[in-house]
Amino acid sequence: MSEVLNYMINGALVGLLYSLVAMGFVVIYRASKVFNFAQGELVVFGGFLVWWMVVSLGLPLWIGLPLAFVLAALFGLLIERIFFSRLVGESVFAMVMVTIGLLILMRGLILLLFGPQVRPFPIIFPLQPVIIGDILIPRALLIGGIITTVVGFALSWFFNKTRPGLKLTAVAEDHQVAISMGISVKRSVAFAWVLGSVLSTLGAIIYLSGKSLSFLASEIGIAALPVALLAGFESIAGVLLAGIIVGTIQGLVTAYLDPVVGGSVGMVFPMIVMLLILFIRPTGMFGWKTVERV
Amino acid sequence: MDPAGVFATSFARDQALIRTGKQGLALALLLLFLLALPELVGPRLVAVATAMLITAVVAVGLQICTGYAGQVNLGQAAFMGAGAYATAVAATTYSLPFWIAIPLGGCAAAAFGFVFGLSAVRIKGFYLVLTTIAAQSIFHFLVLNLPQSWLGGSNGMSLMPAELFGFVFATDRSIYYLCLVIAAIMVAGAFGIARSRHGRAFVAVRDDDVASGMMGIDVVRTKAMAFLVGAFYAGIGGGLWAYYVRFVAVDQFTLFHSIWLVAMIIVGGIGSVTGALVGVVVIITIRETFISLGPTFIQIAPSLGGDVVFAALNVFLGGIIAAFLIFEPRGLMHRWSILKRSYRLWPFPY
Amino acid sequence: MLELNNVEVIYSDVILAVKGVSMRIETGQCVTLLGGNGAGKSTTLKSISNVIKTEDGKVTAGSILFDGRRIDNGEPENIVTHGIIHVMEGRRVLKHLTVEQNLLIGGHREPSLKAVRAKLDEVYSEIGRLAALKDRTSGYLSGGEQQMLVIGRAMMARPKLMMIDEPSLGLAPLMVDEVFALLARLKASGMTLLLVEQNARVALELADYGYVMENGHIVLEGAGEDLRRNEDVREFYLGLNLDGERKSYRDVKHYRRRKRWLG
Amino acid sequence: MLAARDVVMQFGGVRALDGVSFEVGTDELVAVIGPNGAGKTSLMNCLSGFYRPQKGVIEFDGVPLSARGVHQVARAGLARTFQGTHVFSGMTVIENIMIGRHMHMRSTIADAFAHFGRARTEEFRHRETVEEIIELLEMESIRHRPVGTLGYGLRKRVDLGRALAQEPKILLMDEPMAGMNTEEKEDLARFILDVREARGIPVVLVEHDMGVVMDLADRVVVLDFGRMIAEGTPAEVQRDPAVLKAYLGENR
Amino acid sequence: DTTYNIASLADFTGPYADVMKDLAGSRHSAVAWWNAEVGKELGVTLAIKDYDHRYDAAQVASLWPGIKAELNPIIALGVGAPDATALAGRLPSDGIPLIMSTAGYGFGWKPDPWVFNPRATYAHEAAAFFEWYRKEKGIEGPLKIAVITSEASPAYVDIGKGIEKYAHGATDQVELVEMVFTEVQPTDLTTQLNRVLKKGAQVIDVQTNTAAVVAAKRALQALGRSDVPIVMSSHNGITASARALGGMAELEGDYEVYGMAMPTDEATEPKKFYDKLKADYAMQGAWTVPTVMGLNQTLVALRAIEAAAKKVGPDKVTGQAVRDALLSNTITSAQTFGVLSDVTYTNEAPFPTSGITVNVGTVKDGKYVTAADGVAVPTIEKW
Ligand SMILES: Nc1ncnc2c1ncn2[C@@H]1O[C@H](COP(=O)(O)OP(=O)(O)OP(=O)(O)O)[C@@H](O)[C@H]1O
Ligand SMILES: Nc1ncnc2c1ncn2[C@@H]1O[C@H](COP(=O)(O)OP(=O)(O)OP(=O)(O)O)[C@@H](O)[C@H]1O
Ligand SMILES: [Mg+2]
Ligand SMILES: [Mg+2]
């Protein structure tokens, strides 16, 4: 019994990690209606920034990490400057397509800047697991889960309850209207990317703490996708719950079904759960119902 | 807009693809060039051309699904894989000839795509799009975990070369011609579909699915159809691929391949069959140029090292795609039509 | 206040939509712009607010001056800081947001939440109907309600010049009166108005001056009264016959009677 | 032909339609008027099968609509135009109108693939009908323009052309004349009359221009807050005190 | 002098880009050595040229005809699965043998080969380790092993299957307690490892990638189980994994196993050969596993060419002749300077299946050392 509980708790915490990455999707979506296909690369890039500061330059964590965040923010800004500032008023479709181009570009850039080697990632959270009775919880995931939850609620408040948050939503809804009301679309989109990039770096820290880093880590972007879809792209707090659901299911399936099947069911299962739930709720559990009117 | 002096005198004329003598001539020359290609260029370029032809079939399918019907599809490589596997199974397990096996591959892929398209009954917009990524994982999972005797599992499947009345398509040249013929048929078909009521229905559903429903278009069916057609093309491409490489394995059809396919139609121009072809040619040409020049670079400047030279390739290609999106989000075809228009109006600017 | 000199607008480098338009609006005036479909009215407004930039259009000749300063081809989002607001045609509500959120967006430049609230109350009292709808998702409002919402949203920005594209579009007669009464009040309060309208009758009643556009050109201009007396305007915009009575729509016998002033 | 009985349409707390019953005969132009938010568009949506009313039945040609999907209603012969614009902005004018012909065309996707033969001849045949409509609506010069680049008024005309191309048995129009000047309204009015004469189909028209309504309608239905407050000939309705109060304004 | 060409397929931009500098570098250097010290006497010069295939079968397929036309090579050097899969069908008709740098896979285990691996399969190598370790530690009863694998690549799946097959046939030697499937970059393996350790696993086999080794190691550290070693393979071995973990000391007591020389600091025969290449033949690669991989495949190719040239004459060497030489000669360990054990190919498999040995490396007191060499490889049935 405690075994089941253990898998569920750990699964849920891994799920919260997915939530954090998924939050990157959602934040950019909420502020610009763009689904960012390059989210996984953003995580890798953030990871490399941390590696660069902490391992390569050997800065202590308390300088290295903030510096990595600053650089990530600047990178987000750069993305907006180079790509999206010219696309104001273009269709969302075009902007989404840009993120596909960005994915390929970033992969090349990461290879060129940081090389293809597998790099060590600093141990940011202590390794010793938290042990409660029979239950064993990895500390990085636990701390990560707490951070994710806090960040999730804070962002949710920001987007839903504050005036700047509302402005971002307006931009996402309709560039032209936002512009005609004097809201700078460029600035909002830039903010979205800065936020997305910073969140990705945070995600990388929790994901990779004490592990290794190479461009293959971008897989997390795909793993987090069912979480974002399940929650619905508009809901930041919903992503937390969706992450817990996906993670728990994945944890149980990996533990009990994989050995039986002799294959990796844990990888496809979230996708299948996602498909099933979307059939019941087409815009995710908490996504906005699209206004369909004539 | 028509060139000055060209007026459509009949609907046939107005709708024809080839509207001027010059265009007809250009097309004829292109066909002639493609036919003569193996005589004109070396085997490496023939192989590149074969890869382009196969990719073109897949990309044109993606264009129909994504460019016309607006259903961004990131499962195109998986659909291609489904086609390749179906062809391989048909050709090896059931020893069917290639002219049955390839269409069968198309149909199998179409069925796979159709299932995803059907989720349009409930799922809309980007949610639908992203479910196609699931196609990729499910394909991968199925191939590896179904009994080995079905799809070969991690072993992959090998094929014998295609054969027609005793002629064996084993040389690169013969495969090129096989691909050329099939690609030509498929591309012509795509033009036909794009201009037909179905093509229009695809675009209608893309532009406004609520209104198209009230115009008598069955929206769900149309979306599912778009996936079906797109996946059918992918499947045919997969079948050709199976006969070209004569070995199919699950890691030949990854999400990253799907992404590249999307990149191709972006560069060429969303919503144009010709655009898809242009995109395929442009991207593959750039890629192959780099790959061919790479070793030379390394020989000239060994200190650079292969890693630097080839990493630069990815940056360059990614940069090109991004540049297209920034400066010409509607792709090369759009640029071309603007050029054409100003050329026709010349010397008057507007 | 606003001056257009020989403005030419081109979309996508190929479509010439406005071909040399000049007009002037004095502070406190209400100027109306009439014209058939595709004449270039909306394009003219968009070129003033620079929204054309987002549609791949640009002002390729001439100049637009606001309070003596060139504003053509600037950044569209800065136009609002000059005090110009553009209510675009087609009831562009932010459809997933509530009515109140839409209004808050209009007042996003207000320095404090209190100031927004105050302005919000002002708008609610001017357009009583919006208060009752404030928590409704704006995408689900009826056409007329949306029209009122976008006008209210523009008011939230405290503009000096309000450009409204077809405000009466889709409004019931009572509502048209209401909206125009509102515009009259705005004008009386010192706001300058540039009005694109199809409902020439009410527009010319309110307007001090009017322009008629055809095919990207200004073909006729004059004081409101003069235009109302103009034969062509009477026939084509007011739908009156030569005796000054309203023709019946059943009496119209054939199409293609359109008279073109130019080209 | 088309009948609504006790239709109730509720959105959350909002009753857009509150027990509306009415009927459209086989050769009748019925105008629906009412203040903003009265439920006119909701009614049109129910009639065309886009909304499913919570209560009541809508019958078209004797068949209840609830048995059909939206596109099937259209195929059964009901066409409509939209309040605001719902054109296909990525397509040219011709293609938009050809969409109206979609359901009359039969070629399969395989025919389309081959392109020669059936798909082609069919295409030309229907193109002819479309050209007639283009001529009728004076859109020759913008035939090949993508609709996304047209102004509001022209888009509405495309919308109308598309509905006409459906060769419907009944035509529903939601504020077709909004955004047109008098001259253009006259043209369109003439046109609606012609369509009725030539094709003899009934029309349901939602319009705020009282001039148009009075001149064209055979019968007028007045809605307010989802209820029908009056019904009758234009003249009768115009005099109805309830209508004056709710819609027209007392001073008219 | 007759000049012949060697096609060198490389992955500079794909998943193995990180090791390619060493791998490709050692190929070039070995060819330079051969030209100077062997070829000259024979009257044969070899030229080698790199092609980037991004580890993509499609790319290989499109490169190959050009390679054939441009180079007309007598032999090709490959990196991994894409080369083998894309070319297996065409090599016989093209008459060009392909030498891989890796160990073999079950899916390549077919008779009449044109693709050759210098080593047996990964499963063979792992099996040799298990038997050695069991004996070394004096374990009664079967050794309990857990395998960390992944479905990300069919190759990983194949390794797992091979070990399964071996475990099935050698129940007295090993007991496979569980096969754990993970992502390419696992999020966390603590729970999974906790589970397999509870089931009594004594060795954790990780033959997928470095990221998985790191995750497994961290999990073991978190669980405080330094007594359970990880066994790695060549492509994710100790040096690479230690670099990704941030230090050799992290892998104290863990093992790597493979059928070629280990790049330790000890003054072994292969190391001396490497030092010579470094000094005289512009060796680009560092003394790492990829370098050894590049060396072993190139040396096999070079020795085969040598044998062929001796047999048919220096001006009549063809791909076919090279293949015949591969199948009819044993390449002795001396000929490869101890980089490989004696390699004998048969017509039954694309890799040597008997008479081969593996080496075991480990970390002792923070230093990378050989734990055992010449460990015999058990036979495994084909899977
Ligand atoms: N985004 C655009 N791209 C290209 N052409 C455009 C665009 N917007 C408008 N046009 C063209 O510019 C011309 C003027 O359009 P505009 O919208 O200004 O007309 P309008 O007078 O407002 O008409 P309406 O009464 O129909 O609103 C039209 O021919 C139209 O097709
Ligand atoms: N899908 C919906 N969801 C929620 N409320 C709706 C929906 N559709 C309509 N309503 C509400 O129903 C009421 C009637 O709307 P409707 O659009 O039918 O009015 P209308 O008579 O067409 O008005 P107008 O003349 O302004 O277009 C409005 O208050 C509107 O907000
Ligand atoms: Mg307009
Ligand atoms: Mg309405």
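To find a chain, count down the sequence lines: A is the first, B the second, and so on, and within it residues start at 1.
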Under a 4.5 Å heavy-atom cut-off, does chain A meet the side chain of E:Asn194, its backbone, both or neither?
-> side chain
Is any side-chain N of the basic residue among E:Asp227 and E:Arg225 closer than 4.0 Å to the acidic one's carboxylate O?
-> yes
Heavy-atom check, side chain of A:Met53 versus side chain of A:Leu71, under 4.5 Å | yes
Does any donor atom in the side chain of A:Glu3 or A:Asn6 lie under 3.5 Å from an acceptor atom in the other side chain?
-> no
Which pairs with one or both residues in residues 185-237 of chain E pass ring-ring contact (aromatic ring centres under 6.0 Å, His included), sequence neighbours excluded?
-> E:Tyr122-E:His235
Hits for side chain to side chain contact (heavy atoms under 4.5 Å, CB included) against E:Glu175, two or more places apart or cross-chain, chain-then-number order -> E:Pro142, E:Lys144, E:Val177
Chain E-proximal positions within residues 260-270 of chain A [heavy-atom distance under 4.5 Å] | A:Gly262, A:Gly263, A:Ser264, A:Met267
A:Leu208, part contacting chain E, at a heavy-atom distance under 4.5 Å = side chain
Should the ring pair A:Tyr256 and A:Tyr7 be called parallel, tilted or perpendicular, given that the plane angle runs from 0 to 90° and is split at 30 and 60?
-> perpendicular
Report the option among A:Ala223, A:Pro138, A:Pro126 that has the most heavy-atom pairs separated by less than 4.5 Å from atoms of chain E.
-> A:Pro138
Here the pair of heavy atoms bringing E:Thr208 nearest to E:Ser150 is CG2-N, 3.9 Å
What part of A:Pro129 lies closer than 4.5 angstrom to a heavy atom of chain E: side chain, backbone, both or neither?
-> both
Chain A shares the most heavy-atom pairs under 4.5 Å, among E:Thr191, E:Thr190, E:Thr210, with E:Thr191
E:Gln221 side chain near E:Glu250 side chain, heavy-atom distance below 4.5 Å = yes
Check each atom of A:Val14 against the heavy atoms of chain E and say whether the ones under 4.5 Å are side chain, backbone, both or neither.
-> side chain
With a 4.5 angstrom heavy-atom cut-off, could you sort out which part of A:Tyr18 is near chain E: side chain, backbone, both or neither?
-> side chain
Checking A:Ile131 against chain E: side chain, backbone, both or neither under 4.5 Å from a heavy atom?
-> neither
Hey, is E:Asp254 close enough to E:Lys217 for a salt bridge, meaning N to O under 4.0 Å?
-> yes
Which of E:Ile148, E:Val180, E:Thr182, E:Val214 passes side-chain contact (heavy atoms from CB on, under 4.5 Å) with E:Val206? It is E:Ile148
Which residues in residues 40-51 of chain A have any heavy atom lying under 4.5 Å from a heavy atom of chain E?
-> none
Chain E contacts, top residue of A:Leu213, A:Ile206, A:Leu127 (heavy-atom pairs, under 4.5 Å) = A:Leu127
Between A:Ser212 and A:Val118, which heavy-atom pair has the shortest distance, and what is it?
-> CB-CG1, 3.5 Å
Student check: side-chain heavy atoms of E:Phe181 and E:Glu151 closer than 4.5 Å = yes
Aromatic rings A:Phe35 and A:Phe37: how do their planes relate, parallel, tilted or perpendicular, breaks at 30° and 60°?
-> perpendicular
Full working for side chain to side chain donor-acceptor pair (under 3.5 Å) between E:Thr291 and E:Thr288 | CA-CA 5 Å; E:Thr291 299; E:Thr288 58; 3.1 Å; yes
